[in-house]
Amino acid sequence: MAKEEQDKILNEVTESEYKYGFVTDIENDDIGKGLNEDVIRMISAKKKEPKFMLDFRLKAYRHWKTMKMPEWAYLDIPEIDYQDIIYYSAPKQKAKLESMDDVDPEIRATFDKLGIPLDEQKILANVAVDVVMDSSSVKTTFKEALAEKGIIFCSFSEAVQDHPDLIQEYMGTVVPIQDNFYAALNSAVFSDGSFVYIPKGVRCPMELSTYFRINAENTGQFERTLIVCEEESYVSYLEGCTAPMRDENQLHAAIVEIIVKDNAEVKYSTVQNWYPGDKNGKGGIYNFVTKRGICEGVNSKLMWAQVETGSAVTWKYPSTILKGDGSSSEFYSVAVTNNHQQADTGTKMIHIGNNTKSTIISKGISAGKSNNSYRGLVKVAKNCEGARNFSQCDSLLLGDKCGAHTFPYLEIGNQTAKVEHEATTSKIGEDQIFYCNQRGINTEDAIGLIVNGYAKEVINKMPMEFAVEAQKLLQISLEGSVG
Amino acid sequence: MGKKLNIEMLSIKNLHVSIEGKDILKGINLDVKPGEVHAIMGPNGAGKSTLASVLAGRDLFNVTEGEVNFQGKDLLDMEPEDRAKEGIFLGFQYPIEIPGVSTVNFMKTAVNEHRKYKGLDPLSASDFLKLMREKKSLVEIDSKLTNRSVNEGFSGGEKKKNEIFQMAMLEPKLAVLDETDSGLDIDALRVVANGVNKLKTRDNATIVITHYQRLLDYIVPDVVHVLYDGRIVKTAGKELALELEEKGYDWIKEENGK
C-alpha cells in the first residue's frame, strides 16, 4: 500500500465521528433483496446444508410469516421493510485458507484497523479467534490445539457439515423457532455464527472469542451461536462487535443458545459497540437479540457479563433457565445510551430446579436524548423450593433530556423463594465534574472516571483484556455528552 | 546577589461578580505574596464562598469587571483544570462524593495530570503508593478513608481531612480553604489545621475563608480581611480576628451604613 494511501486511511479512521466507521471494499456474493421460500432454499443450497437444516429453516419461516414484530418494549422503532433486506452475503473467497498469508489483504487491513490481532498477538494473549466477517467465516485459529482436548470451536456452517448430529440434537432446544418474531426470522435465514462444544470434564484452556462485524450495505446480519458444555466442563466465551458507519439502518437479529450440564460452568461476556447512529439519530444498527442459556444439570453455572454502548436500538434480554437443582446464574450488565439511542434490555431468570440462585446487577447510563430501560423477569416455578434472587438495577443520568426506566417483573410461584430487589437512580452532577476539574482532571476524563466507577462491579466480572476495552468504550461513547 | 523579587503571587483588582443578574462581589482588591497566610472573614452572604469559587473557575458566576493575575498569568482566562495545574487548590466547603471512584484512582489521575502539565512522566504505581503513604501520615488521615470511594459516606470531619490530604498530594502554590472549619469538632479541627501548617512553605500561600475566629487559633494568619456586602471593608493583622470574635459583625455593618 502506498504511503499516501495509508495516510488517507489513517486520517479517515482517526477523524471519523464513529471510531470504527469505515467500509471495506470487498466483492460480495449477494443473492438480492427480499425474503421468500426460494431465498431460504437458496441460502441453504449455497451453504450445501443437509436436509434437516432446510426443513428447520422453512418451518421457522412459515411460522415467522404468522408473527408480528413485538411492540411491548419501550422503544420507538420505525417500520422495517423485511423485503428490502439482503438475507445472504459472503465475502468471495477462492479456496479454503491454509495460513494468514492467504487471507484477503483488505480483510486483514480491516482487522488491523479494528485492532483485532488475528495473529501472534492473540497467541500470546492465549485467545483463539473465530472471525465472522459478514456472514461466512474467514479464518479460524487454534482449532488444532483445542481439538486435542476434544473441544470443538468452529463456525456454525462448518459444524453443520462436520458435526450434524450435535447441531441436530441441540439447535433450537433453548430458543425454539417459534420463541419470538426475531428468533423465528433468525432461524429461517441465519447465515453463520459459532459453535462451541466442550466435552465432559474438560476446562477450555483459553478464552474463546468471536468478533462479529457487519459490513455489506443493506445486509441483515443473522448470527447464530450454540454452546454446549458437557458435565464438569468449563468455558469462557467472549463476543465483541464493531460495525462500519452507515446511513441506512441495519437489522441484526442474533440467537445465542447455551446448554450447561451437571457441574459445568459457562461465562459469556459481550462488548457491543455497533454503530449507534449519528448525533441526530440518523443511521445505526437495530439490534434484536435472543440470548438464552439453560442450566440443565445440577450445580451448573452460567454467567452473563455485558457492556453495551452501541446500536441505535437494542432489544436484548440474555436469560437463564435454572433447571438443574442447585444451579445458579449471574447477569452483569452496563448499557450506555447517548444521543438518540434507545435500549430496552435486561434479563430473565427462570427458577425451576430446587435451591437455584440468581443475581442480577444492571447499570444503565443515559446521556443526550436517549432512553434506557431495564426490563427483567424473575420467575419461580410452583415446585421450585428454596430459590434465591438478588436484583440491583441502577440508573445514571447525564443531563436532563435523557430517560431511565425500570420494569421489574416478579412471578413467584413458591413461598420458599427469597427475592430481593434494589434500585437507584443518580445523576452525574456538575458538582462532581467541577470537583474533578479542580483537582486538575478535565471534563471528559472526569466523566470517564465517574462512569467507570459506577460500572466497576460489572466490568470487574469481565476477562482482563475485555475489561480494558470496555472501560475505554464507556468513555468514548459518552464523549461530548456533558458541557 | 540579585535584587529580591517580591512579586505578588495572586493579584485581584476591582473584581466584580454576579450570578443571575445579582451582584455578589462589588470590587474586590486583594494581593497575596508567597509565604503568606490570609484570612478572609465576614458574615454569611458577604460573598466569601463566591470569591473562592471564582478563583477556582466555577462557571456559575459571571465576572463583569476586574482582573485576576496569578503568577503572571490571567487566571480568569483559564479552564478550571488548568488553574488547578497552575497551582490553585480549593478546599471545598462541601466536598463532593463520587461513588465507585476509589480515592487511590482519583488521586493518581489528578497527580499524573499535574505531572503531565509540568512535562513529567506519570508516577509508577509503587512510587505513587509511596507518596500516598507519606502524605497520609503527614496529615494524619486514616487508610480506612483513602481505601474508600471519594468522600462516599464520609462524615463532615472526614471529608475535610480528605481535602487536606488531597492538598498534601497536589502541593499547590495557593490553597483557598473555604470554611474548612465548619462542621468540625475540636480534634478534627486540630488535625486539619496541623495539616495546613505542615504544608506551609516560603513558596506557597494560603487563603483561609472562615466565619469564626476559632480556626485562626491554629492557623495563624499574617493578614485578616473582612469581607462585607461584596467588598473588603477592613484589612489588618491577626488581632482583627479576635476583635471580630469579641464584637461580632454588627459594628462592621454599622460602619458600612447598614
Side-chain angles (χ1 to χ4, degrees), chain A residues 307 332-334 336 361-365 392-399 422-462 467-468 470-472 474-475 478 480 482-483, chain B residues 52-61 78-118 148-152 159 162-163 165-167 169-172 174-176 178:
Chain A
V307 171
Y332 298 96
S333 169
V334 177
V336 179
I361 309 286
S362 165
K363 304 261 180 182
I365 301 169
Q392 185 187 325
C393 307
D394 297 332
S395 307
L396 185 68
L397 301 167
L398 281 88
E422 286 177 11
T424 65
T425 301
S426 51
K427 222 174 149 171
I428 290 192
E430 284 176 17
D431 285 351
Q432 287 176 324
I433 291 170
F434 180 68
Y435 193 71
C436 294
N437 290 159
Q438 213 302 306
R439 301 305 185 239
I441 302 165
N442 69 37
T443 300
E444 296 291 357
D445 290 345
I447 292 173
L449 206 62
I450 295 166
V451 164
N452 277 304
Y454 168 78
K456 196 163 59 182
E457 262 175 290
V458 174
I459 288 175
N460 283 349
K461 294 290 172 184
M462 297 202 135
V468 172
Q471 280 185 344
K472 283 188 201 144
L474 286 183
Q475 187 161 349
L478 290 167
V482 166
Chain B
S53 295
V54 168
L55 290 177
R58 188 86 213 233
D59 61 4
L60 297 169
F61 304 96
M78 279 185 237
E79 294 296 324
E81 60 268 30
D82 292 334
R83 299 182 194 202
K85 288 179 280 194
E86 283 287 333
I88 289 191
F89 179 90
L90 174 62
F92 283 65
Q93 183 176 4
Y94 304 107
I96 309 298
E97 299 191 11
I98 311 180
V101 177
S102 72
T103 301
V104 173
N105 198 12
F106 180 69
M107 280 326 294
K108 198 170 155 205
T109 309
V111 165
N112 284 333
E113 285 298 318
H114 278 73
R115 290 180 65 87
K116 194 162 90 188
Y117 195 74
K118 291 179 189 135
R148 282 156 61 180
S149 296
V150 179
N151 292 325
E152 193 185 15
K159 284 181 180 170
N162 193 21
E163 292 294 283
F165 165 68
Q166 293 179 38
M167 174 178 156
M169 290 293 289
L170 297 172
E171 297 180 336
L174 175 67
V176 182
D178 187 8

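Since the model is a prediction, treat every value here as computed from it, not as a measurement. Chain naming here is simple, since letters A, B, ... match the order of the sequence lines and numbering starts at 1 in each.
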Interatomic distance, [X] atom [atom1] to [Y] atom [atom2] [nearest 0.5 angstrom]:
X: A:Arg439; Y: B:Lys85; atom1: CZ; atom2: NZ; value: 14.0 Å
X: A:Leu449; Y: B:Ile98; atom1: CG; atom2: CD1; value: 7.0 Å
X: B:Glu81; Y: A:Gln438; atom1: CD; atom2: CD; value: 10.5 Å

Which answer fits [X], side chain, backbone, both or neither, if we ask what part of it has an atom under 4.5 Å from a heavy atom of chain A?
X: B:Tyr117; value: neither
X: B:Glu86; value: neither
X: B:Tyr94; value: neither
X: B:Val111; value: neither
X: B:Pro172; value: neither

**OP:** Could you have a look at A:Ala446, A:Gly453, A:Ala455 and say which one has the most heavy-atom pairs with chain B under 4.5 angstrom?
**Re:** A:Gly453
**OP:** With a 4.5 angstrom heavy-atom cut-off, could you sort out which part of A:Asp445 is near chain B: side chain, backbone, both or neither?
**Re:** side chain
Subject >> Close side-chain approach of A:Phe434 to B:Ser53, heavy-atom, < 4.5 Å >> reply: no
**OP:** Would you check if A:Asn437 and B:Glu79 make a side-chain contact, meaning some heavy-atom pair closer than 4.5 Å?
**Re:** no
Original post:
At their closest point, which heavy atom of A:Gly440 faces which heavy atom of B:Ala84, and how far apart are they?
Top reply: N-CB, 3.5 Å
Original post:
B:Ile96 and A:Gln432: which non-hydrogen atoms are nearest, and at how many Å?
Top reply: CG2-CG, 3.5 Å
Subject >> Residues forming a salt bridge (Lys or Arg N to Asp or Glu O under 4.0 Å) with B:Glu171, sequence neighbours excluded >> reply: B:Lys135
**OP:** Between chain A and each of B:Val101, B:Asp59, B:Leu90, count heavy-atom pairs under 4.5 Å; write down the option with the most.
**Re:** B:Leu90
**OP:** Determine the option with the most heavy-atom pairs under 4.5 angstrom with chain A, choosing from B:Glu163, B:Met107, B:Arg83, B:Met169.
**Re:** B:Glu163
Original post:
Taking everything shown except B:Lys159 itself, do over 12 heavy atoms lie less than 6.0 Å from its NZ?
Top reply: yes
Subject >> Donor-acceptor pair between B:Asn151 and A:Tyr435 side chains, under 3.5 angstrom >> reply: yes
**OP:** Take A:Asp431 and B:Arg58 through the test side-chain contact (heavy atoms from CB on, under 4.5 Å) and record every step on the way to the result.
**Re:** CA-CA 9 Å; A:Asp431 285 351; B:Arg58 188 86 213 233; 3.0 Å; yes
